[in-house]
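Report on the following structure.
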Amino acid sequence: MTKFSDLKLDPKVLSAVADAGYETPTPIQAGAIPPALEGKDVLGIAQTGTGKTASFTLPMLTLLRRGRARARMPRSLVLCPTRELAAQVAENFDLYAKNTKLTRALLIGGVSFGEQDKLIDKGVDVLIATPGRLLDHFERGKLILTDVKVMVVDEADRMLDMGFIPDIERIFQLTPFTRQTLFFSATMAPEIERITNTFLHAPVRIEVARQATTSENITQKLVEITPARRDQTAKAKRELLRALINAEGETCTNAIVFCNRKVDVDIVAKSLQKYGFDAAPIHGDLDQSQRMRTLDSFRDGSLKVLVASDVAARGLDIPAVSHVFNYDLPMHAEDYVHRIGRTGRAGRKGTAISIAVPQDEKFLSQIESLVKMEIPRAEIPEGFELSEGAQQPARKRDDDKGGRSRGGRGRDRDRGERGGRDRKRETSQAEAVTEAQAEAPQKAEAKPAEPEQRVEAKPEPKQEDDNKSRRSRGGRNRRERDNDVVGMGDHVPDFLTVSFRPSKTEEPAEDSAES
DNA sequence: AAAAAAG
């Protein structure tokens, strides 16, 4: 078995690796580092969580150790699809470059140019960037790319999804033909193939096994419900989500809840907060500093539940998440794998629980054929009061008061209510927001018996106001929502210390009667 | 059908 010490890395880099506690390279590292150190182009086919980042940072630092960057002329370039990913790569560089004098700059959108300009002017060895901001700097004449010796493209498949390929091609053309290229992608779509054929020179191809489509460390579950009425779907799912989190009890130390839409990320996060969960949203419409703050507090454990769009599905290094909840099933089966891959990492056990409604059927079957297994159906947790708003997959359609039944988890999802023609979203954004708002207040009364004071942090009067303003202003009030979302942290009793024993009072009857 | 990224 190779060790890092066998890999001809710079001693200073090696000592940083050792300090970080790593001894044995992962397969992608063992495969990519040696050719990269020889100056060869590398085509790495690997997913997140395989140790990909170190497989280019370590050789780059070694290759760059001699020489010095000139003003505005970075010596290497790392391109990442998202800001968070770029920031994370930057952290990696800091970690492994700590014993060297190499410098780096992070060029991402959403933050001011000033600081970035200053660093570029001083000259940096490593430039880590998202494509848009990089080109922005270039067009302003701030950046000269003719001295780039090494260029890395990270998560190329995602760049493709995001429409970055033209930008990437352009950036390739701005760098010298003689540069060394390290190129990473989880898949080799035809378009990616074309790019690599065009811009890589005799690359060494390293392919590591798909990160088990489903790691056996991850316990997967699927809970199907069939809301009696379409317009109650969202609320029923939120109720169910809370019940599922509660049912996991103390085993749920921290969790990511994935939603397909940004608006739902906000709604769900807000709803969870109203119910006393230590939750915060993250998606691409939130401003960058808030994204960073949220992510930081999630990493350091002060935030327990991260409600996220797919911005967080891939690439982000969030260690040791005990649970992943799919509030929505992802529309791309691939994303399911990425999402649940946020848990069960590094040999730990993880749990991934997904909520499905009848409309999800086709996504579900795609997911199941991708992961090559049927996701075990789980029962609706105790404490989830089955109301008209949410029923288990209907076995009998006319059993319309039969909410209480718990047994049936057959796969007859096509039975349920599916008014095929009406494809549009069941609840408008504005309605949904007010609905989320409305859920909690009733909650407060229903709950005094509960030992934990989770609800007490709730700023009630303010909500009523917001509620009105929201109603009148339709759905376009994200900024406003963001503002009252943050800052509950200190008041909300620790998620961990809460006893999760589900209680029926948790779901007041009014909750489902309303609307 | 949605998210992300340059404003």
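Reminder, nothing fancy here: chain letters follow the sequence lines and each chain counts from 1. Heavy atoms only: backbone and side chains are in, while hydrogens, waters and symmetry mates are out. The shown structure was predicted, so the numbers you read here are calculated from the model rather than taken from an experiment.
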Nucleotide nearest A:Lys262 (side chain, heavy atoms from C-beta), chosen from B:dA5, B:dG7, B:dA3: B:dA3
Touch class at under 4.0 angstrom, heavy-atom based, for A:Gly163 against every strand present: nothing
Presence of donor-acceptor pair under 3.5 Å, side chain of A:His332 and base of B:dA1: yes
Nearest-neighbour nucleotide for the A:Phe164 side chain, B:dA6, B:dA2, B:dA5 considered: B:dA5
For A:Arg170, all residues meeting salt bridge (charged side-chain N to carboxylate O under 4.0 Å, His left out), sequence neighbours excluded: A:Glu139
Reported CZ-to-CG distance for the pair A:Arg179 and A:Leu174, which is rounded to 0.5 angstrom: 10.5 Å
Protein-nucleotide distance (A:Leu106, atom CG; B:dA6, atom P), rounded to Å: 10 Å
Side-chain N,O (A:Thr130) to OP1/OP2 (B:dA4) below 4.0 Å: no
Atom-to-atom span, CZ of A:Arg158 to P of B:dA3 - whole angstrom: 13 Å
Side chain of A:Ser309 - closest among B:dA2, B:dA6, B:dA4: B:dA4
Test: A:Asp125 and A:Arg104 ion pair at under 4.0 Å: no
Phosphate OP1/OP2 of B:dA6: any A:Arg83 side-chain N/O under 4.0 Å: yes
Sugar-phosphate, base or nothing in reach of A:Pro330, heavy atoms under 4.0 Å: nothing
Atom pair distance, as rounded to whole Å: CG in A:Asp310 and C1' in B:dA5: 15 Å
Gap between atoms CG and C1', on A:Leu160 and B:dA2 respectively (whole Å): 16 Å
Separation of B:dA4 C1' from A:Ile108 CD1 (nearest whole Å): 13 Å
Phosphate OP1/OP2 of B:dG7: any A:Arg133 side-chain N/O under 4.0 Å: yes
Salt bridge (charged side-chain N to carboxylate O under 4.0 Å, His left out) against A:Lys122, all qualifying residues, sequence neighbours excluded: none
For atom CD of A:Gln366 and atom C1' of B:dA2, their distance in whole Å: 14 Å
Phosphate contact (B:dA5 OP1 or OP2) by A:Arg291 side-chain N/O below 4.0 Å: yes
Atom-pair distance (CD1 on A:Ile168; C1' on B:dA5), nearest Å: 11 Å
Heavy atoms of other groups near A:Glu191 CD, more than 12 under 6.0 Å: yes
Integer-rounded Å distance: B:dA5 C1' and A:Asp167 CG: 9 Å
